[in-house]
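Here's the structure we're looking at; comments come further down.
Note on naming: letters A, B, ... go to the chains in the order of the sequence lines (proteins, then strands), and numbering restarts at 1 for each one.
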Amino acid sequence: MKENFKQNPALWFIATGLLALILGVFFGLVGSFQYIIPDFLAGSIPFFKSRPLHVSLVISWIFLAAIGGVYYYLPIIFKRNFFYPILVKIHFGIYFFTGIIILYCYFNGIFGGREYFEFPPVLALPIAISWVFFLLNFFKTIRGKFKTFPVYVWMWMTGIIFFLFTFIESNLWQISFFRENPVRDISVQWKALGSMVGSWNMLIYGTSFYIMEKIKGDDKITNTRITFFFYFLSLTNLMFNWGHHTYIVPASPVIKNISYIISMTELLILFNIIRNWKNTLKDVQKNFFSLPYRFLFAADIWIFLNLVLAIFISIPAINFYTHGTHITVAHAMGATIGINTTLLFSSVYFIFLKEKILSEENNKKKFSIGFWMMNISLFIFWISLIGAGITKAMEENHPFAVTNFMGLMNELAPFFNLLAISGFGIFLGILLLALPLLHSVIFPGRKN
Amino acid sequence: MDIKLPLFISLSALFLVYSLFVYTSGTELTHPEINNSSASRGKALWQKHNCIACHQLYGLGGYLGPDLTTVISQKGKGEQYAKAFIKNGTQRMPDFHLNEEEIQSILDYLNSVSLTAVTYK
């Protein structure tokens, strides 16, 4: 390992992220087994603990690896160090210690009790402060002419700004104006979380654009009109398409109509993927030997599959039946593992191979098995969730029906069995991919 | 002329205005009586025990248990039905050892949610 890279805080973010991923998927596996064996680890890690552990750790992996990427790439792009190098270390320190406290809280049954990125509300403060440091450092470092920036710098900028906004918004429930009104609370929560996912997607997609530019050796692809058109289309979706989660919430119909229209613009992204399919296949033939590229290609397939699913469930007549079923989970898993994790693995491998701290040759077989195991298992996982969702939707004639829940769970049992088995495959695949990376960080002198 | 920055700023401004619209439009309380202190305590207990990990409200939450948006107002369900589960737990749901007052607060909270579910289309 190069000495300067060992001391690069970007590596600390990435290594901690890899650890969070392994733990997060492990707790996800525990949760999936609790679906089929209700008593499984119920004494030590009941489902109301295993679920937040799974969700928060996987979201932490996404943020840590994406932030680590920005901290690594930006000084290379702008040929200057971060404006406040100390703030990068402080950012990591705050994240690390807040993360440890959050894990302590979960194990001791102390929750924020909100959906997804949840923890006791006081811990939102250090996270928000560290993000302000990140934002400040980012803008000071990229100072210059905005119009010359490639699309990935715009995407990172967008991700950083909008995460801060949506993170604050997701904590508005602490004000009674929001908390005491169930419809307002649910609407704002859906809005904040929907846009927050868009913000981390911006951070990740920005990274993949950068890697694609470097692999292809063509810096024009990140500065074309069409590239920026799709960037602004994604930004518009980040801002306004979250409302398709609220079709069943009795809020203003205007929100639902805007959301439906904006969601359908994703068809343009879908058509663009289909239009470029031939070129993508040519690239695959040329670059499939490269591990970072292989992950980019896998993510392309997952983007296609997840986009088709997203467009379907954004249609109100379909959403009426599918909302609140496992189809929504399939969409979330396809996005966080299929797209986000795959793109982040591409970035992490790109960095580790570039820094020569990992040899692709020495780990070829392990990587190849891990890559296929993760993707094939995830596909089975994804299909079983869709199967469970369709069965649930057919059983219930409206979103809040609780006719015979235990009967429904028994009917869904075969899907849950498949879910747990394929979940185990995902866990093994991720171990094969992530452990060599962690090993190379912990034991840099050995053969990696 | 490069329009990227003006476009970004304009979209962001539109998003801010839209956010204010979301916070205030269509969210008027249809049943002001639901905003009582017992329901507020129930909501705090709901969060304290992380009920959202297994149950959904308006489709937001986990899937190990049923959606509870209208459990209080649904035909064949209601307060007594929900109370039995909260009090005793099930094979999947732990008994949180709540006292009568706490159970009533959670029921009041679920009732307040149920009363807002005037339409789900």
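The aromatic ring centres of B/F8 and A/F232 sit 6.0 Å or more apart. Aromatic rings of B/Y58 and A/Y247 (six-membered ring for Trp) have centroids beyond the 6.0 Å cut-off, not under it. The aromatic ring centroids of B/F15 and A/F162 lie less than 6.0 Å from each other.
B/T90 does not touch chain A: none of its heavy atoms, backbone or side chain, sits under 4.5 Å away. If you measure heavy-atom distances from A/F178 to chain B, the contacts under 4.5 Å come from the side chain alone. For A/I255, the parts lying under 4.5 angstrom from a heavy atom of chain B are both the backbone and the side chain. A/I110 does not touch chain B: none of its heavy atoms, backbone or side chain, sits under 4.5 Å away. Residue A/P52 touches chain B through its side chain alone, counting heavy-atom pairs closer than 4.5 Å.
Using a 4.5 Å cut-off on side-chain heavy atoms (C-beta onward), A/M239 and B/S12 make contact. The closest side-chain heavy-atom distance from A/F47 to B/P94 is not below 4.5 Å. B/L64 has its side chain out of reach of A/Q34: every pair of non-hydrogen atoms, C-beta onward, lies at least 4.5 Å apart.
B/Y18 and A/W242 have tilted rings, their planes meeting at an angle from 30° to 60° on a 0 to 90° scale.
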Quick one: do A/E169 and B/Y23 satisfy side-chain contact (heavy atoms from CB on, under 4.5 Å)? Show the steps, please. CA-CA 10 Å; A/E169 196 174 45; B/Y23 301 161; 2.3 Å; yes
Would you check, one step at a time, whether the test ring pair (Phe, Tyr, Trp, His ring centres under 6.0 Å) holds for A/F48 with B/F96? CA-CA 12 Å; A/F48 64 88; B/F96 289 99; 5.4 Å; yes
Please determine whether side-chain contact (heavy atoms from CB on, under 4.5 Å) holds for the pair B/L7 and A/F228, giving the CA-CA distance in whole Å, both sets of side-chain angles, and the decisive distance to 0.1 Å. CA-CA 11 Å; B/L7 188 57; A/F228 271 98; over 6 Å; no
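Interatomic distance, CG of B/N36 versus CD of A/E180, reported as 9.0 Å (0.5 Å rounding). Between B/Y63 atom OH and A/T328 atom OG1 the span is 4.0 Å, to the nearest 0.5 Å. The OG1 atom of A/T246 sits 11.0 Å away from atom CG of B/L60, with the distance rounded to the nearest 0.5 Å. Distance check: B/Q91 CD to A/M406 CE gives 6.5 Å after rounding to the nearest 0.5 Å. Atoms CD1 and CG, on A/I186 and B/L57 in that order, are 5.5 Å from each other to the nearest 0.5 Å.
Around CD of A/Q174, the count of heavy atoms belonging to other residues, nucleotides or ligands within 6.0 Å exceeds 12.
Ranked by heavy-atom pairs under 4.5 Å with chain A, the list B/I3, B/V22, B/L14 is led by B/V22. For the options B/G61, B/S25, B/G76, heavy-atom pairs under 4.5 Å to chain A are most numerous at B/G61. When A/I161, A/T236, A/L408, A/V329 are compared by the number of non-hydrogen pairs under 4.5 Å with chain B, A/V329 comes out ahead. Counting heavy-atom pairs closer than 4.5 Å to chain B, the top-ranked of the candidates A/T325, A/L235, A/L193 is A/T325.
The two residues A/K191 and B/S19 have their closest heavy-atom pair at NZ-OG, 2.8 Å.
A donor-acceptor distance shorter than 3.5 angstrom exists from the side chain of B/R92 to the backbone of A/Y35, with no hydrogens or angles considered.
For residues 43-52 of chain B, the interface with chain A (any heavy-atom pair closer than 4.5 Å) comprises B/K43, B/Q47, B/K48, B/H49, B/N50, B/I52, sorted by residue number.
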